[in-house]
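Convention: sequence-line order gives letters A, B, ...; per-chain numbering from 1.
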There are 2 protein chains.
Amino acid sequence: MPTKTAAQRRALAKVSYDAFLAGCPSRQLLDRISDKWVALVLAALGGSGAPRSMRYSELSRQLAGVSQKMLTQTLRSLERDGLVTRTVTPTVPVTVAYQLTDLGLSLQDVMRRIKEWAEANMDEVLASRDEYDTRVA
Amino acid sequence: MPTKTAAQRRALAKVSYDAFLAGCPSRQLLDRISDKWVALVLAALGGSGAPRSMRYSELSRQLAGVSQKMLTQTLRSLERDGLVTRTVTPTVPVTVAYQLTDLGLSLQDVMRRIKEWAEANMDEVLASRDEYDTRVA
DNA sequence: CAGGATCCCGCTAGATACTG
DNA sequence: CAGTATCTAGCGGGATCCTG
């Protein structure tokens with residue numbers, strides 16, 4: 001059996017990822033990205049229309065109520081996974097800008113829709129909850 | 001100021017939902033649906049191609065490693081939010097079937113893409129993590 | 001400004017046992 | 001089969017304090 005190229009091995013591996021399987025890495029990746037803060041950070045960096053570079057404090061302001069810990073943690077995770085870049089400009093005080101990579105942009109396309117879905121269907125969900133609660137009660 | 005109809009009030013309220021705001025109900029809804037198990041349950045019920053009705057045990061088998069607690073909890077939440085229906089057939093033993101509502105189907109369209117994104121980009125993310133870890137280390 | 005480091009509470013998710 | 005009930009360990013996540 002001949003040695004395969006990296007591209008060949010990737011192609012083979014790719015079809016085998018299945019988040020329905022407990023041990024599959026994609027299950028863990030799904031868990032990471034299925035996150036409120038991930039959705040909101042990506043949506044913020046995606047901007048309305050064109051993606052934009054944002055500073056830490058800008059993000060902190062836009063994601064109302066996010067703690068520094070969660071924001072930093074989320075950004076680090078996104079950076080490590082190759083979804084955002086972190087650029088430090090050595091001004092005084094230091095300036096840090098975040099922006100989506102191409103990979104991040106592709107995920108943002110998907111995640112934005114979830115946020116939009118939640119906003120668009122809030123009333124229907126609220127109505128359903130009312131109905132459910134009275135029915136069960 | 002004249003009294004508004006329910007539809008008018010909904011139309012007004014709808015545009016005001018903004019998940020970036022901490023107190024907004026859509027923030028909490030976003031948090032609920034941004035969940036691994038929600039994504040997987042919806043993907044399972046969405047089927048490959050056509051949506052299908054599934055029994056509890058079928059779901060349990062397809063979502064490898066899910067605990068009964070989490071599956072039941074997730075299904076209840078989805079039912080309450082009007083995303084799935086739960087149908088009990090009084091056989092012995094009892095048969096319970098779950099299937100997507102129209103609302104659930106619309107969310108499934110979105111959520112399925114997340115699962116697919118995770119599976120499709122796993123290699124790239126893995127590579128990015130390797131690079132990040134060696135860079136930091 | 002953009003975090004790092006700690007402390008600590010609460011709730012969640014898993015494991016286990018039981019039931020109509 | 002399709003759950004409910006209970007217990008607990010663990011950790012997610014907020015609050016707080018500190019720093020280059």
Side-chain angles (χ1 to χ4, degrees), chain A residues 19 21-23 27-41 44-45 52-80 84-99 132 135-137, chain B residues 19 21-23 27-41 44-45 52-80 84-99 132 135-137:
Chain A
L21 305 177
R27 164 78 67 96
Q28 184 261 359
L29 179 57
L30 178 62
D31 200 20
R32 287 246 168 129
I33 62 183
S34 300
D35 178 73
K36 178 181 47 178
W37 299 125
V38 169
L40 292 175
V41 165
L45 292 175
R52 58 198 215 92
S53 168
M54 294 180 75
R55 302 184 47 183
Y56 184 89
S57 49
E58 282 186 277
L59 283 167
S60 177
R61 245 172 286 116
Q62 182 153 11
L63 308 201
V66 68
S67 65
Q68 286 152 358
K69 180 182 176 180
M70 286 316 295
L71 182 55
T72 300
Q73 193 171 292
T74 301
L75 287 168
R76 283 289 175 281
S77 168
L78 292 176
E79 187 196 1
R80 189 169 104 101
V84 306
T85 58
R86 177 175 180 273
T87 310
V88 182
T89 309
T91 49
V92 181
V94 72
T95 304
V96 180
Y98 292 90
Q99 75 181 346
Y132 181 93
R135 179 155 46 95
V136 172
Chain B
L21 305 176
R27 165 79 69 96
Q28 185 261 359
L29 179 57
L30 178 62
D31 200 19
R32 287 242 168 135
I33 62 184
S34 302
D35 178 73
K36 177 182 46 173
W37 299 125
V38 169
L40 292 175
V41 165
L45 292 176
R52 56 197 214 92
S53 168
M54 292 179 77
R55 304 189 37 188
Y56 183 90
S57 48
E58 281 186 278
L59 283 166
S60 178
R61 245 172 287 117
Q62 182 152 11
L63 308 201
V66 68
S67 65
Q68 286 153 359
K69 180 181 176 180
M70 285 316 294
L71 182 55
T72 300
Q73 194 171 293
T74 301
L75 287 169
R76 286 285 177 284
S77 168
L78 293 176
E79 188 195 0
R80 188 168 104 100
V84 306
T85 58
R86 177 176 180 272
T87 309
V88 182
T89 308
T91 49
V92 180
V94 72
T95 304
V96 181
Y98 292 91
Q99 75 183 345
Y132 181 92
R135 179 155 44 97
V136 171

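Between A:Val66 and A:Thr74, the closest side-chain pair of non-hydrogen atoms is not below 4.5 Å.
Listed by first and then second residue, the salt bridge (charged side-chain N to carboxylate O under 4.0 Å, His left out) pairs that reach into residues 57-77 of chain A are A:Arg52-A:Glu58, sequence neighbours excluded.
Expressed to the nearest 0.5 Å, how far CG of A:Leu45 lies from CG of A:Leu59 amounts to 5.0 Å.
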Side chain to side chain contact (heavy atoms under 4.5 Å, CB included) assessment of A:Arg55 paired with A:Thr95
CA-CA 7 Å; A:Arg55 302 184 47 183; A:Thr95 304; 3.4 Å; yes
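Scanning for salt bridge (charged side-chain N to carboxylate O under 4.0 Å, His left out) contacts around A:Arg27 gives an empty result, with sequence neighbours left out. Partners of A:Val96 according to the side chain to side chain contact (heavy atoms under 4.5 Å, CB included) rule, which considers only residues two or more places apart in sequence or in another chain, are A:Arg86, A:Val88, A:Tyr98. Applying the side chain to side chain contact (heavy atoms under 4.5 Å, CB included) test to B:Ser60 and every residue at least two apart in sequence or in another chain returns B:Leu71.
Contacts between chain B and DNA chain D, taken as any atom within less than 4.0 angstrom of a protein heavy atom, begin and end at D:dC1 to D:dT4.
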Whether each nucleotide of nucleotides 10-20 of chain C has a protein heavy atom under 4.0 Å at its base (B), only at its sugar-phosphate (S) or at neither (-) is summarised, 5' to 3', as ---BB--B---
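Across all non-hydrogen atoms, the minimal contact from A:Ala97 to A:Ser53 is CB-OG, 3.4 Å.
Within the 4.0 Å cut-off from OP1 or OP2 of C:dA2, not a single side-chain nitrogen or oxygen of A:Arg86 is found. Considering only side-chain N and O atoms, A:Arg55 lies under 4.0 angstrom from the phosphate OP1 or OP2 of C:dA2.
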